Protein chains: 2
Amino acid sequence: MQTLLKHIQSIHPISKEAEKSLLEISKEVHFQKGTDVQLIGHTCKTIYFVKEGCVRIYYFKEDIDITESFEFENAFVARAESLFTGKPSLKAIQAIEDSSLIAIDSNKLFQLFDTHHDLERLFRKIIEASYVNTVNRIESLQFHTADERYLDLLKEHKDILQRVPLKYIASYLGITPVSLSRIRAHK
Amino acid sequence: MQTLLKHIQSIHPISKEAEKSLLEISKEVHFQKGTDVQLIGHTCKTIYFVKEGCVRIYYFKEDIDITESFEFENAFVARAESLFTGKPSLKAIQAIEDSSLIAIDSNKLFQLFDTHHDLERLFRKIIEASYVNTVNRIESLQFHTADERYLDLLKEHKDILQRVPLKYIASYLGITPVSLSRIRAHK
DNA sequence: GAAACTACTTTACATATGATAAGAAATTAC
DNA sequence: GTAATTTCTTATCATATGTAAAGTAGTTTC
């Protein structure tokens with residue numbers, strides 16, 4: 001749990017009481033490579049923090065598996081569209097490697113916001129940062145070529161090729177595995 | 001200002017005192033069609049609420065004008081990547097029609113969060129909703145054809161063709177104006 | 001260790017989108 | 001109201017990506 005507290009500290013320091021309350025609604029969970037952390041159709045009631053390993057959010061479009069996002073160590077993961085609307089999610093979370101996650105009960109967390117103002121601020125900041133990331137990703141998808149997006153991804157996650165199968169990377173970039181192979185061959 | 005308060009009410013009701021404080025840091029501003037509300041290179045310190053008219057966020061990629069987003073009546077607009085990081089923005093906000101906006105001083109707003117917990121919650125929810133929107137937009141850019149994206153946009157904003165020039169719509173969809181013309185011709 | 005399966009690459013062809021240029025339509029300026 | 005400017009469309013050609021199929025390499029299963 002120290003990893004989580006340390007990460008939080010770097011975003012927005014919170015009181016000892018808030019830390020204690022947060023830990024009370026958190027627990028460490030483990031998932032084997034390839035297994036689903038959360039299933040399609042399930043309403044998201046948990047926010048995860050990746051302590052070790054990596055996960056992806058994915059969904060199916062007409063039977064094709066599409067990776068929406070990856071998260072590695074020291075990042076939060078949740079299916080925002082379900083967590084913030086209360087509707088069942090069309091997406092799943094899957095462990096790409098054997099992973100240790102810290103699961104935070106979101107309903108209890110939202111309740112804590114009433115008594116711990118600093119916790120709400122912390123999570124506001126986390127959401128803001130995620131929002132900025134997605135806005136940047138839109139820019140990337142809107143006007144960068146697949147080629148540029150591939151190179152940008154490698155720059156940002158230097159070890160992603162060693163950790164994540166290319167087929168997941170392809171759909172994340174918005175292209176087919178065949179097209180990704182072609183791009184890689186031209187380097 | 002009633003429009004703003006009414007909109008807020010529908011998201012997360014706040015106390016009379018919070019409303020009063022919010023109005024104290026807000027003022028109505030007017031922009032003529034085609035003029036910039038905020039300039040490129042300027043650090044974003046204002047959150048706007050569109051009372052009337054419509055605006056777009058845009059930037060230049062290699063001299064080409066690209067529309068990142070549109071906002072119409074009853075929506076908030078801000079350049080998130082600058083507002084939440086404090087860095088100068090590479091983007092501008094422009095009025096597409098003669099527009100009446102309500103300008104909220106973001107630094108003062110963030111200060112109010114300390115005394116008005118309900119205000120922070122309101123804006124947390126606003127950010128959450130924006131975040132969900134951008135996640136959905138990624139999905140759209142990632143695996144829908146330009147054709148599908150065009151039809152989706154028309155469905156969501158039925159009057160957009162009457163209000164927004166096609167060249168702005170084209171770059172928003174991630175395609176050239178020529179390509180958009182082609183898509184429209186095939187309907 | 002052989003068989004089965006999965007991930008990745010390569011090739012050939014089809015299609016969508018980009019780039020450029022020219023013309024038509026609409027809007028703005030005087 | 002005409003001229004000038006901007007916006008939009010159409011046509012042509014080039015290029016990137018998709019689809020399908022076959023082959024290779026690596027991994028898993030028993």
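Below, chain A is the first sequence line, B the second, and so on; all start at residue 1. These numbers come from a predicted model, not from an experiment.
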Does the distance from a Lys or Arg side-chain N to an Asp or Glu carboxylate O, for A/Asp147 and A/Arg182, drop under 4.0 Å? no

Give me, pair by pair, the N or O atoms of the protein and of nucleotides 14-17 of chain C that are less than 3.5 Å apart, along with how far apart they are.
{"unit_1": "C/dT17", "atom_1": "OP1", "unit_2": "B/Ala146", "atom_2": "N", "d": "3.3"}

What string of B, S and - do you get for nucleotides 21-30 of chain D, 5' to 3', if B is base contact, S is sugar-phosphate-only contact and - is no contact with any protein heavy atom under 4.0 Å? ----------

Salt bridge A/Glu128-A/Arg124, side-chain N to carboxylate O under 4.0 Å: yes

Do NZ/NE/NH1/NH2 and the carboxylate oxygens of B/Glu17 and B/Lys20 come within less than 4.0 Å? no

Using distance alone, with no hydrogens and no angle criterion, decide if A/Ser99 and A/His30 have a side-chain donor and acceptor under 3.5 Å apart. no

Does the pair B/Arg121/A/Glu120 count as a salt bridge with the N-to-O cut at 4.0 Å? yes

Between protein and nucleotides 3-7 of chain D, what N or O pairs are separated by less than 3.5 Å?
{"unit_1": "D/dT7", "atom_1": "OP1", "unit_2": "B/Lys167", "atom_2": "NZ", "d": "2.5"}
{"unit_1": "D/dT7", "atom_1": "OP2", "unit_2": "B/Lys167", "atom_2": "NZ", "d": "3.0"}

From CD of B/Gln142 over to P of D/dG18, roughly how many Å is that when rounded to an integer? 12 Å

Determine, for B/Arg163 against B/Glu73, whether the closest basic-nitrogen to carboxylate-oxygen distance falls under 4.0 angstrom. yes

Among A/Asp118, A/Leu122, A/Leu119, exactly one meets side chain to side chain contact (heavy atoms under 4.5 Å, CB included) together with A/Phe113. Which residue is that? A/Leu119

Would you say NZ of A/Lys87 has more than 12 non-hydrogen atoms from neighbouring residues, nucleotides or ligands within 6.0 angstrom? no

With no hydrogens and no angle check, just 3.5 Å: does a side-chain donor-acceptor pair link B/Gln38 and B/Tyr48? yes

To the nearest Å, how far apart are B/Leu161 CG and D/dC8 C1'? 13 Å

Closer to the 5' end of DNA chain C via nearest nucleotide, is it A/Phe143 or A/Pro177? A/Pro177

Phosphate contact (D/dT9 OP1 or OP2) by B/Arg184 side-chain N/O below 4.0 Å: yes

Less than 4.0 Å between a side-chain N and a carboxylate O, is that true for A/Glu139 and B/Lys91? yes

